[in-house]
Amino acid sequence: MLHLTSSFPRDARDHVAPFLLDLAHAEQEAGMDVGVLAPHDKGLATVDTVAGVEVHRFRYGLQSMERLSYRGGLLGSSRRFSGVMLPAYLASFSRAAEKAARDFRPDVIHAHWWLPAGLCALPAARRLDVPLIITVHGSDVHLLRYRALRKLASHVMHRASLVATVSEDLQRQILEFDPRLHTSVLRLPVPAGPPAVPMPDDPPLRLLAAGRLSHEKGFDVLIEAMRIAVGSGLDVRLDIVGSGPERRRLALLAAPLGDRIQLIPALPHAELMHRLEGVHALVAPSRRE
């Protein structure tokens with residue numbers, strides 16, 4: 001299995017896309033040979049092993065200009081940073097995908113997010129006659145609201161052997177976009193965690209939310225809910241774990257609640273799981289996931 005992706009953990013402790021590393025490990029445990037092609041980033045090797053998974057990283061510019069991945073979605077990054085790098089990124093990804101497929105000789109190419117990985121996987125899959133699976137994870141489905149991208153999305157997804165979704169709701173959205181597409185729900189694996197521990201004492205009620213600090217994650221709504229809860233007399237504490245462009249705004253919204261809300265920078269996956277053991281509930285306030 002050759003995975004093509006615009007995000008993959010840069011090391012075993014990275015908070016970026018840990019679910020893809022979980023997927024690679026599950027496939028290895030099932031007896032599969034797994035390779036990953038992902039973009040390069042500053043300070044990384046072009047050929048590496050991350051927690052036992054072989055990763056090749058393609059270059060698309062000078063190190064100082066390789067900033068389109070690992071910092072949120074590709075389109076958002078291209079707006080925040082140098083959008084002029086986007087054509088070079090896509091061309092380099094496509095070339096690297098064909099080289100990786102020729103070297104690795106996979107039975108299946110699995111592209112994560114239809115843009116950019118699905119688009120860049122098409123030439124390699126066609127020329128080498130390898131089945132292509134494209135998994136949509138949510139943010140790429142949200143791109144379908146842009147009329148300019150809908151035709152491109154249809155072109156890409158119709159050329160895949162399967163368009164996989166990670167939930168029934170995403171499958172519904174994909175079929176509403178085009179009911180002719182061959183789709184299936186392929187859930188991401190959840191690795192076995194440590195033995196359960198007792199709930200912490202209360203009060204206070206302890207809550208945790210985690211994710212990229214961006215508008216679609218809805219942390220501003222959660223902070224407003226905390227304001228209402230505290231105003232109603234509830235003894236509650238909230239940790240928000242993550243990094244992203246809305247950090248300053250969220251800090252201002254949370255400031256009137258003092259130490260009842262903590263903003264904690266993104267943590268390695270294992271540390272986040274450990275923090276979950278010390279709370280009563282995980283809160284997921286996302287606007288669209």
Side-chain angles (χ1 to χ4, degrees), residues 1 3 5-45 47-57 69-73 110 112-113 135 137-139 166-167 186-202 204-214 217-219 222 237-247 250 259 261-286 289:
M1 179 71 74
H3 292 281
T5 175
S6 54
S7 290
F8 194 80
R10 291 161 286 186
D11 57 54
R13 290 170 51 83
D14 198 2
H15 65 276
V16 172
F19 49 88
L20 294 184
L21 186 57
D22 291 341
L23 175 60
H25 284 158
E27 290 174 341
Q28 288 176 329
E29 291 171 6
M32 300 168 65
D33 293 326
V34 179
V36 175
L37 176 66
H40 184 261
D41 199 38
K42 184 177 181 179
L44 300 180
V47 181
D48 201 358
T49 300
V50 176
V53 177
E54 182 179 328
V55 180
H56 291 248
R57 303 186 179 101
S69 287
Y70 311 106
R71 294 163 180 86
H110 190 167
H112 297 274
W113 297 278
T135 290
H137 289 271
S139 57
V166 296
S167 70
L186 296 183
R187 303 187 191 285
L188 291 168
V190 178
V197 298
M199 280 282 188
D201 293 335
D202 66 274
L205 177 66
R206 299 186 180 276
L207 308 176
L208 185 145
R212 180 167 170 76
L213 303 186
S214 53
K217 298 297 185 180
F219 294 122
L222 178 54
R237 301 289 189 275
L238 168 67
D239 290 345
I240 298 178
V241 181
S243 302
E246 290 230 320
R247 181 175 183 83
L250 295 175
D259 62 0
I261 299 180
Q262 287 195 72
L263 291 180
I264 300 168
L267 295 172
H269 192 55
E271 291 183 30
L272 178 60
M273 295 300 102
H274 179 69
R275 277 188 174 265
L276 276 173
E277 295 178 354
V279 303
H280 296 98
L282 171 71
V283 186
S286 180
E289 292 176 306

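- Under the rule for a side chain to side chain contact (heavy atoms under 4.5 Å, CB included), the partners of Leu276 that lie at least two apart in sequence or sit in another chain are Leu208, Met273, Val279, Leu282.
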- [ ] Please test Leu222 against Ile261 for side chain to side chain contact (heavy atoms under 4.5 Å, CB included), starting from the C-alpha separation and ending with a verdict.
- [x] CA-CA 10 Å; Leu222 178 54; Ile261 299 180; over 6 Å; no
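- In terms of heavy atoms, Ser243 sits closest to Ala266 at OG-N, 3.1 Å.
- Note: Glu277 CD to Arg275 CZ = 12.0 Å, rounded to the nearest 0.5 Å.
- No side-chain heavy atom of Ser7 sits less than 4.5 Å from a side-chain heavy atom of His112.
- Residues Asp14 and Phe8 come closest through the heavy atom pair OD2-O, 4.4 Å.
- For Ser214, the side-chain hydrogen bond (donor to acceptor under 3.5 Å, both in side chains) partners are Glu216, not counting sequence neighbours.
- Contact of the Arg212 side chain with the Pro245 side chain is registered, since non-hydrogen atoms from C-beta on lie closer than 4.5 Å.
- No side-chain heavy atom of Lys217 sits less than 4.5 Å from a side-chain heavy atom of Glu246.
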N/O donor-acceptor pairs under 3.5 Å from side chains in residues 31-45, not counting sequence neighbours:
unit_1: His40; atom_1: ND1; unit_2: Arg59; atom_2: NE; d: 3.3
unit_1: His40; atom_1: ND1; unit_2: Glu66; atom_2: OE1; d: 2.6
unit_1: His40; atom_1: NE2; unit_2: Leu44; atom_2: O; d: 2.8
unit_1: Asp41; atom_1: OD1; unit_2: Arg71; atom_2: NH1; d: 3.1
unit_1: Asp41; atom_1: OD1; unit_2: Arg71; atom_2: NH2; d: 3.3
unit_1: Asp41; atom_1: OD2; unit_2: Arg10; atom_2: NH1; d: 3.3

Extract all donor-acceptor atom pairs below 3.5 Å that involve side chains of residues 15-22 and protein atoms in other chains or at least two apart in sequence.
none

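- Arg206 CZ to Asp239 CG: the interatomic distance, rounded to the nearest 0.5 Å, is 8.0 Å.
- Residues Ala24 and Val53 approach most closely at CB-CG2, 3.8 Å, considering heavy atoms.
- Ser6 meets the side-chain hydrogen bond (donor to acceptor under 3.5 Å, both in side chains) test with no other residue; sequence neighbours excluded.
- Residue pairs meeting the ring pair (Phe, Tyr, Trp, His ring centres under 6.0 Å) criterion with at least one partner in residues 261-285, sequence neighbours excluded, do not occur; the list is empty.
- Between Phe219 and Ala209, the shortest heavy-atom distance links the atoms CE2-CB, 3.6 Å.
- Considering all non-hydrogen atoms of both residues, Thr135 and Val166 come closest at CG2-CG1, 3.9 Å.
- For Arg247 (side chain) and Leu263 (main-chain N/O), a donor-acceptor pair under 3.5 Å exists by modelled atom type.
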